[in-house]
Amino acid sequence: VFDGRLNERMISVREFESAVRSVAGALVRHGVKRGDHVFLSLTTQPELIQAFWTVLWLRAIPCALFPEHGAEALLARFQAGRADVLITDRESGALDEAAASYGALRMTLRYDSLAAETAGEPAAIPSDVTPDDPAFMVFTSGSTGFPKAVLHRHGIAPAILRSMRDVLGVGLDETYWCTAHPAWITGSVYGILGPVLSGVTMIAYNGAFHAKRWLPLIETAGVTTLYTAPSALRGLMRMDDAFYQGFDLSKLRAVFSVGEPLSGEVYAWG
C-alpha cells in the first residue's frame, strides 16, 4: 500500500484475512445479513478492498461508490441498487443528502469504528453458496443512458481467474497494479477480486494521478503488470524522455489498457 507521499505499508495475507473476518463479525453484530446490498464509500484503497471482501464473505452484496459523486448521482445509485447499508470513512454532505432523500437505508456505519471493534467472535464464512447466488454489484458507465445496476454472480470467479492467467498472464511471482477505481467494473474485477483470487502481490495506491508519483511507485514496488486506461497513458506521455531515463522499469513485463479505444499514437509511445 502506498500513500500520496509514496510511504509504503505491507499487508500480509494473514493480516488481510484477519481484518476481513474481524470486520465481518462486527457487521453481523450490527445486523448486516446475507443478501443485503451494502454500498461502500471509502477513500482509502486497502480499506475499500478489505470492506468489499468482508461483505462478500458474509454473502451480502457489495457495491463500491466513486468518492467524487455528488448527491444526485449517489441518490440515483441508492435507488437503482436498492441500497440497504452504507459503509463510509468520512463526513460527507453529498452522502448525507442522498441518504436522507433515499430514506430506505437501514443503517450507515463507519468503517474505522467497525475495524476497532474487538468484542465478539470473527465471522465464519457461510458454506451454502451456489454459483448462481448474487456476489457483487457494479454500475455501468452510463455511456448509453443513465448508469444501470448490474448484479454479478459467484459463478464469475472461474472466468476472472482464467482472464488473470490467460489474458493478463499474471503469475504468482508477479507484482500487479490495476489503477482503476473499484466503482468501475475494471476496478471491482481486476483491482479487488482478481488479485486476491489469484494470490498475487498487488499494489494499492491512495494518492492522485501524476507521473512523478506513478513512476517511482512502479520502480520501487517492482511492478511487473500494469493495468490502466488510455487517459492515464496520455497523462504519462506529457513527460519528456529525459524523465523516464531516470527510472529502472526492467521488471515491467506488460502494460494493459481498458475503458476506451487505445490510439495508435499512445500505443506507439508505449
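Please read all numbers here as calculations on a predicted model, not as lab measurements. We number each residue from 1, following the sequence as shown.
There is no path of hydrophobic side-chain contacts, each under 4.5 Å, that joins Phe66 to Val138. At a threshold of 4.5 Å between side-chain heavy atoms, the hydrophobic network of Ile, Leu, Val, Met, Phe, Trp and Tyr places Leu249 and Leu233 in one connected group. The hydrophobic clustering, which links ILVMFWY residues whose side-chain heavy atoms are closer than 4.5 Å, places Tyr176 and Val255 apart. A continuous path of ILVMFWY side-chain contacts below 4.5 Å connects Val55 to Ile156, so both sit in one hydrophobic cluster. Cluster membership for Ile192 and Val200, using ILVMFWY side-chain heavy atoms within less than 4.5 angstrom, is shared.
The six-membered or imidazole ring of Trp177 lies away from that of Tyr227, with a centre-to-centre distance of 6.0 Å or more. Ring to ring, Trp57 and Phe16 are not that close: their centroids are 6.0 angstrom or more apart. For Trp184 and Phe139, the ring centers sit 6.0 Å or farther from each other.
Residue-environment remark: OH (Tyr267) stays at or below the threshold of 12 foreign heavy atoms within 6.0 Å. In the displayed structure, Arg253 atom CZ is contacted under 6.0 Å by more than 12 heavy atoms of other residues, nucleotides or ligands.
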Salt bridge (charged side-chain N to carboxylate O under 4.0 Å, His left out) between Lys33 and Asp84, intermediate numbers included:
CA-CA 10 Å; Lys33 61 186 185 300; Asp84 297 304; over 6 Å; no

Please determine whether salt bridge (charged side-chain N to carboxylate O under 4.0 Å, His left out) holds for the pair Asp112 and Arg90, giving the CA-CA distance in whole Å, both sets of side-chain angles, and the decisive distance to 0.1 Å.
CA-CA 9 Å; Asp112 51 354; Arg90 70 197 191 283; over 6 Å; no

Run Asp128 and Arg59 through salt bridge (charged side-chain N to carboxylate O under 4.0 Å, His left out) and show every step you take.
CA-CA 10 Å; Asp128 56 337; Arg59 303 306 186 236; over 6 Å; no

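Note on Lys251 versus Glu174: no salt bridge recorded, every NZ/NE/NH1/NH2 to OD/OE distance being 4.0 Å or above. At a threshold of 4.0 Å, the pair Arg9-Glu15 does not count as salt-bridged, since none of the basic side-chain nitrogens sits closer than that to a carboxylate oxygen.
Atom-to-atom distance recorded for Glu47:CD and Leu40:CG is 12.0 Å, nearest 0.5 angstrom. Atoms CG and OG1, on Leu48 and Thr43 in that order, are 9.0 Å from each other to the nearest 0.5 Å. Rounding to the nearest 0.5 Å gives a distance of 9.0 Å between CG of Leu172 and OG1 of Thr201. Atoms NE2 and CG, from His69 and Leu65 in turn, are 7.0 Å apart once rounded to the nearest 0.5 Å. With rounding to the nearest 0.5 angstrom, the CZ atom of Arg213 is 8.0 Å from the CZ atom of Arg5. Separation of atoms CZ (Arg82) and CG (Leu105) is listed at 13.5 Å; rounding is to 0.5 Å.
Proximity of a side-chain donor or acceptor of Thr224 to a complementary backbone N or O of Leu252 within less than 3.5 Å is not detected. Ser22 places no side-chain N or O within 3.5 Å of a backbone atom of Ser18 that could act as its donor or acceptor partner. Side-chain atoms of Thr54 come within 3.5 Å of backbone N or O of Gln50 as a donor-acceptor pair. In this structure a side-chain-to-backbone donor-acceptor pair under 3.5 Å is missing from Arg77 to Glu72.
Taking 4.5 Å as the limit, every side-chain heavy atom of His152 sits out of range of all side-chain heavy atoms of Ser188. Inter-residue side-chain proximity for Val1 and Gln45 is flagged as unmet; no heavy-atom pair is nearer than 4.5 Å. Residues Val38 and Ile61 have side chains not in contact (no heavy-atom distance under 4.5 Å, counting atoms from C-beta outward). The side-chain heavy atoms of Trp269 and Arg234, taken from C-beta on, include no pair separated by under 4.5 Å. Using a 4.5 Å cut-off on side-chain heavy atoms (C-beta onward), Arg153 and Pro134 make no contact. Taking the side chain as every heavy atom from C-beta outward, His37 and Cys63 never approach each other to under 4.5 Å.
None of Leu193, Val196, Leu42, Ile87 except one satisfies the side-chain contact (heavy atoms from CB on, under 4.5 Å) rule with Phe52; the exception is Leu193.
Using a 3.5 Å distance cut-off with no hydrogens or angles, the side chains of Ser250 and Asp248 do pair a donor with an acceptor. Judged purely by distance below 3.5 Å, without hydrogens or angles, the side chains of His30 and Glu117 pair a donor atom with an acceptor atom.
Taking each heavy atom of Pro230 and Glu260 in turn, the nearest pair found is CG-CG, 3.3 Å.
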